[in-house]
Amino acid sequence: MSDSPVGRFLSMFCRTLGLFLVLPPLLATALQGQAEPASRSNGSSPGLESTGASPSGALSPRNANYEMRVRLDPEARVLAGTQTLTWRNIQDTATSELWFHLYWNGWRNSHSTWLREDRLRGRSDRGSNIRDSDWSFLEVDEIRLADGTDLMPTRRFRAPDDGNTADRTVMVVSLPKPVAPGETVAVELVWRAKIPRTFARTGYRDDFYFIAHWYPAIGVFEGARGWNTHQFHAATEFFADYGVYDVSLELPDELIVGATGLLQEATSVGDGYTRHRFVQTDVHNFTWTASPDYIEITDRFAVDGLPEVAIRLLMQPDHLDQADRHLHATKAALEHYGRWYGPYPYEQVTVIDPAYRSGAGGMEYPTIFTCGTRVINPAGGGSPEGVTIHEAGHQFWYGVVGNNEIEHAWLDEGLNTFSTARTMDVTYGPSKMMRSYLRPPGGKIGGLVRKRYDDFEQSRAVYGSRFSRFISSDGPTMDAMSVPTYRAFPRGAGTLSYHKTAMWLHTLERHLGWEVLQPAMATFYQRFAFGHPEPDDFFGVLEEISGRDLDPFFDQVYHQSKQFDYALASVSTKPAKLRGYTEGPDGQPVVAGKESSGKEGPEAEDEATSREGASEDNKPVFRTEVVVRRLGGGVFPVDVLMVFDDGTEVRRPWDGRARWQLFVEERAAKLEYAVVDPDRVLLLDLDYTNNSRLVKPASQFAARKWSSKWMVWLQDLMTTFTFYL
Amino acid sequence: MLSPIFRGLRRAADPKLLVLLWLANTLVALPGALAIGEAIRNDVGASRFHKTLDEGFDMEWMAEYSHRNGTGFPALFAPQRTGAGAVYENLDAWFGGRLLSENRALAGVLIAFGLVWILLQGGVVARLVGPPRAAFSLRGFFADAGGYFVRFLVLGLMSAFVYWVLYRLGGWAFGLVDASFQDAGTERELIHRVLFLGTAFVILLHATRMVFDYAKIATVVEGTRLAPVAVWQGMRFVANRPARTLSVYFAVALMSLAFLWLYTLVAPGPGQSGAASLLFAFVLSQLFVAGRLFLRLALLGAQAEVYQDAGGL
Ligand SMILES: [Zn+2]
């Protein structure tokens with residue numbers, strides 16, 4: 001990190017000069033598909049076998065390439081753009097249509113599908129709160145082929161998902177002749193985009209801009225399956241092909257700019273405007289941000305065995321003291337994801353600390369992502385480190401492995417939530433509970449002061465994947481994960497994609513072992529880098545690498561919505577003394593304990609115990625019975641652990657299929673307690689409290705201790721209340 | 001300024017009075033604590049979570065407890081309400097005016113204690129303005145308490161109403177601050193704005209408290225029959241001696257704040273795993289409760305001294 005002004009200037013100067021000299025020719029040829037690898041792909045670029053002919057040396061098929069020139073009018077909050085899209089058909093079917101996403105039309109008016117669904121989500125306050133100046137649009141004014149053929153007369157809007165005719169987020173044009181497999185078509189567009197007051201992390205606040213999914217973006221052509229171009233939905237994100245982006249942004253001079261890719265040049269164009277040209281290869285989106293307040297900090301990620309990455313951090317002045325925490329977390333993600341799954345393939349990453357209340361925090365875009373923190377935010381509570389690792393992690397799950405986020409959001413969000421929790425755990429250990437204070441009356445202003453509670457640690461297993469959210473969500477009425485994300489009930493979609501997936505992945509980690517799951521996920525990452533994997537691809541790789549039949553598991557957690565709950569129904573441990581009839585010396589039935597001595601009463605019982613209910617070294621033998629039940633519909637193999645008062649532990653595996661199972665042990669020790677799933681492998685178990693049972697009635701200590709501590713709170717609150725009287 | 005404070009502190013150091021107030025507080029809180037104990041006992045059942053809860057706390061269990069006890073009185077149990085967190089939580093709830101809005105059962109407990117407090121206040125004020133070191137008799141105390149109950153109840157209702165209005169106004173003012181940050185401004189600027197307005201708001205809350213304290217003192221000393229008249233007397237008394245009344249009030253208020261802060265440093269954490277250490281922790285935290293009550297008495301006592309020094313109205 002070089003954060004002295006001189007150092008920063010020198011570093012920027014050298015970098016800009018270097019890029020200016022080296023990159024433009026390189027990228028010019030890259031655009032024609034003949035460049036050297038834009039980054040160190042060291043010859044083993046994965047994921048290319050399924051994608052057909054791609055430019056040699058490219059990491060991705062590069063079949064959707066954009067050259068854009070855009071100018072911001074800050075008064076009108078409008079972007080005016082001209083764009084050349086060069087699209088290559090990489091499928092084996094021809095198409096005579098081009099489908100485009102016009103995402104910003106999702107906030108064109110209250111009848112859009114995005115706004116309808118947003119109201120269903122029940123957590124947005126934007127629905128009724130939108131002022132006239134907050135809305136947005138993306139208006140395509142011209143669209144023509146490179147030869148001048150006007151395509152505007154063929155333009156229409158489609159609503160493939162819900163038939164909402166008011167929705168203008170999908171635009172289709174027809175071509176005069178089909179694009180054959182392998183053929184390329186170039187389209188020129190002229191458009192205007194009204195910038196919204198932030199929706200879904202994109203928009204403006206004052207002179208802060210975060211501009212994402214803002215230009216007409218070509219959909220994904222899937223050959224015989226047609227165009228995969230969904231409308232913009234409130235609970236889902238994006239999907240696009242990979243390509244090369246060469247974007248020139250003309251912005252007022254005072255704005256400091258961050259964007260996807262590397263800055264090639266920044267030249268004054270007069271009128272108080274500067275043109276910033278950014279280029280990036282092998283990405284599926286281009287996003288930028290600008291603000292006069294950003295403070296730039298640069299650093300390098302360099303660890304043994306992974307390629308170096310330049311880090312550019314744009315911080316709010318308010319948060320400068322947290323810059324190191326952002327950098328540290330970014331590096332933790334680059335290192336652990338890099339070692340576990342595969343290296344980060346780009347030369348740089350831009351980390352954005354968005355403006356206060358901009359609504360832009362916590363979102364991922366290729367080679368650029370946003371975090372978000374608070375002015376008073378002690379370390380150790382998981383923020384902003386958690387969000388930084390999560391969004392940096394998306395560079396891998398989303399950026400490099402480009403699944404369809406609209407249909408299978410869990411493939412990036414779930415894998416990434418799992419990986420975030422794991423990275424947080426190995427880097428920072430369990431996070432501490434945090435509470436926010438200084439909440440004035442009225443309820444409008446949230447807690448401005450965050451306080452860390454060191455006594456209360458939140459384990460990765462339960463808090464890393466947000467078990468609480470999972471169990472408190474709709475549970476049995478939840479959609480199966482196989483329901484496409486955009487069709488899942490908007491309120492439950494997030495829980496399925498993020499928390500449930502992370503929990504079943506963590507269950508697999510504990511079940512198979514990290515040494516099995518890690519190479520499986522690495523194989524998935526490397527095999528589907530710069531591709532569009534589907535759920536079965538992930539399941540297939542996991543089975544292939546683990547060598548296990550995981551279908552029954554995926555069936556329950558993915559295709560169905562099974563609930564898991566194992567419980568310890570009863571425990572008993574009693575002298576193994578026989579009562580009733582036994583065989584006497586003459587072979588006739590005799591009452592046990594009376595067969596020879598003729599004694600009666602307690603003496604006889606003692607003798608009988610010593611003869612029939614005792615071990616060889618004459619210790620009394622106890623018969624222990626443990627009944628385990630399966631209360632949920634889900635089936636998972638679990639261990640049953642019995643712990644005896646002499647310290648011995650007996651562990652019995654159970655396939656977990658039957659609704660209940662009896663376990664019997666006879667030994668010269670009493671049972672202390674029994675646990676089903678003692679290692680908590682099955683993190684999807686909705687109730688772990690009922691998984692264990694003590695033999696002796698539990699002491700009252702825990703209840704007394706915690707209620708007496710709690711009482712002080714009530715006493716203090718009551719004293720506080722008398723203030724008003 | 002210091003003399004009435006010292007005299008107030010000396011008058012508050014009245015063991016019998018303190019035991020009485022502490023007992024009232026503890027007895028009203030006890031059913032709630034028993035209910036929470038029962039909820040914890042039922043929830044943990046015979047599970048092995050006993051072990052971790054005996055030795056410390058278990059956030060994994062807590063995640064399940066909160067889910068199973070999401071509503072009603074048991075929902076009031078939370079780890080941040082044990083130990084030092086209780087102070088932060090309650091100060092914040094007081095500042096935000098959220099004491100009665102969280103939970104109905106809790107509101108019931110608070111109102112019940114409020115009535116007990118109003119009853120006791122009659123005896124307390126009568127004792128504080130009476131001759132120093134007078135013998136304490138329960139009968140005499142409750143005779144005073146009963147005698148002033150109706151007037152103090154009306155005063156309590158009036159002050160509750162004034163606070164309701166103040167919090168509504170506060171909510172509106174903070175809402176304006178919030179709205180002014182919708183489209184511009186940094187969080188640091190917002191914090192400064194909230195601290196500024198918050199300080200003014202807190203001073204207003206305390207000034208109101210002060211007027212009603214003098215209204216009670218006036219009721220007892222002057223024998224004022226009508227609560228509104230007593231409030232008028234309290235206001236006049238403060239208006240005629242703003243420096244003296246404010247300095248005494250806020251000096252004791254700052255002492256109380258320092259006392260809260262001290263407690264957050266020594267408040268027992270979750271570690272006690274034996275009966276002896278738990279008992280020690282319990283006694284320590286009850287000393288804190290008693291200390292808070294002592295400071296409430298000291299404040300009233302100091303103000304009673306100021307009132308009497310001035311020779312009444
Ligand atoms: Zn995410």
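If you're wondering where the values come from, they're calculated on a predicted model, not measured in any experiment. By convention in this document, chain letters (A, B, ...) are assigned in the order of the sequence lines, proteins followed by strands, and residues within each chain are numbered from 1. Note that these values count all heavy atoms, side chains included, but never hydrogens, waters or copies made by symmetry.
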Applying a strict 4.5 Å limit to non-hydrogen atoms, the region of A:Tyr453 in contact with chain B is side chain
When the 4.5 angstrom heavy-atom criterion is applied to A:Arg693 and chain B, the contacting part is both
Per-residue tally against chain B (heavy atom, under 4.5 Å) across A:Trp706, A:Tyr673, A:Phe456 peaks at A:Trp706
Applying a strict 4.5 Å limit to non-hydrogen atoms, the region of B:Arg296 in contact with chain A is side chain
In terms of heavy-atom pairs under 4.5 Å with chain B, the winner among A:Leu694, A:Asp206, A:Asp318 is A:Asp318
The interface call for A:Lys451 against chain B, heavy-atom contacts under 4.5 Å, is side chain
In terms of heavy-atom pairs under 4.5 Å with chain B, the winner among A:Ala355, A:Ser468, A:Pro440 is A:Pro440
* Are A:Asp716 and B:Arg292 close enough for a salt bridge, meaning some N to O gap below 4.0 Å? -> yes
Pair count under 4.5 Å, heavy atoms only, with chain A: among B:Trp94, B:Phe152, B:Phe49, B:Phe181, highest is B:Trp94
**Prompt:** How about A:Val643 and A:Val675: do any of their side-chain heavy atoms sit closer than 4.5 Å?
**Reply:** no
So, do B:Phe259 and B:Phe288 have ring centers that fall under 6.0 Å from each other? yes
Okay, A:Tyr204 and chain B: the region with an atom under 4.5 Å from a heavy atom over there is neither
Quiz prompt | Electrostatic pair B:Glu89-A:Arg435, nearest N-O below 4.0 angstrom | solution = yes
Taken in chain and number order and not counting sequence neighbours, the residues that satisfy side-chain contact (heavy atoms from CB on, under 4.5 Å) with A:Lys432 are A:Arg452, A:Asp454, A:Glu457
Assess the pair B:His50 and A:Phe701: is the distance between their ring centroids shorter than 6.0 Å? no
- Message: Other residues, nucleotides and ligands only: do more than 12 of their heavy atoms fall within 6.0 Å of CZ on B:Arg81?
- Response: yes
Here the pair of heavy atoms bringing B:Leu99 nearest to A:Leu717 is CG-CD1, 3.8 Å
Most contact-rich option vs chain A, by heavy-atom pairs under 4.5 angstrom, among B:Leu53, B:Leu190, B:Asp178, is B:Asp178
When the 4.5 angstrom heavy-atom criterion is applied to A:Met718 and chain B, the contacting part is both
If one checks every heavy atom of B:Phe282 against chain A at 4.5 Å, the contacting part turns out to be side chain
Closest non-hydrogen contact found for A:Trp135 with A:Asp132 is CD1-O, 3.4 Å
Honestly, the part of B:Leu34 sitting under 4.5 Å from a heavy atom of chain A is neither
So, the part of A:Phe723 with a heavy atom under 4.5 Å from chain B: the answer is both
The interface call for B:Thr26 against chain A, heavy-atom contacts under 4.5 Å, is both
The interface call for A:Ser436 against chain B, heavy-atom contacts under 4.5 Å, is backbone
Among B:Gly156, B:Ala35, B:Ala33, the residue with the most heavy-atom pairs under 4.5 Å to chain A is B:Ala33
Of the listed B:Trp61, B:Phe201, B:Phe174, B:Tyr65, the one with the largest count of heavy-atom pairs under 4.5 Å with chain A is B:Phe174
So, the part of B:Leu278 with a heavy atom under 4.5 Å from chain A: the answer is side chain
Most contact-rich option vs chain B, by heavy-atom pairs under 4.5 angstrom, among A:Arg704, A:Lys709, A:Arg439, is A:Arg439
Worksheet entry | Other residues, nucleotides, ligands: >12 heavy atoms within 6.0 Å of B:Arg98 CZ | yes
Ranking A:Val571, A:Asp687, A:Val712 by heavy-atom pairs under 4.5 Å to chain B gives rank one to A:Asp687
>> Looking at B:Lys51 and B:Asp54, is there a salt bridge between them, counting it only when a charged N and a carboxylate O are closer than 4.0 Å?
In response: no
Whatever's closer than 4.5 Å to a heavy atom in chain B on A:Arg680 counts as side chain
Exercise for the section: Determine whether more than 12 heavy atoms belonging to other residues, nucleotides or ligands lie under 6.0 Å from atom CZ of B:Arg41. Expected result: yes
Scored by heavy-atom pairs under 4.5 Å with chain A, the best of B:Gly198, B:Ala86, B:Ser47 is B:Ser47
**Message:** Looking at B:Asn90 and A:Trp713, would you say the former's side chain and the latter's main chain have a donor-acceptor pair under 3.5 Å?
**Reply:** yes
Cut-off 4.5 Å, heavy atoms of chain B, and the answer for A:Ser358 is neither
Whatever's closer than 4.5 Å to a heavy atom in chain A on B:Tyr163 counts as side chain
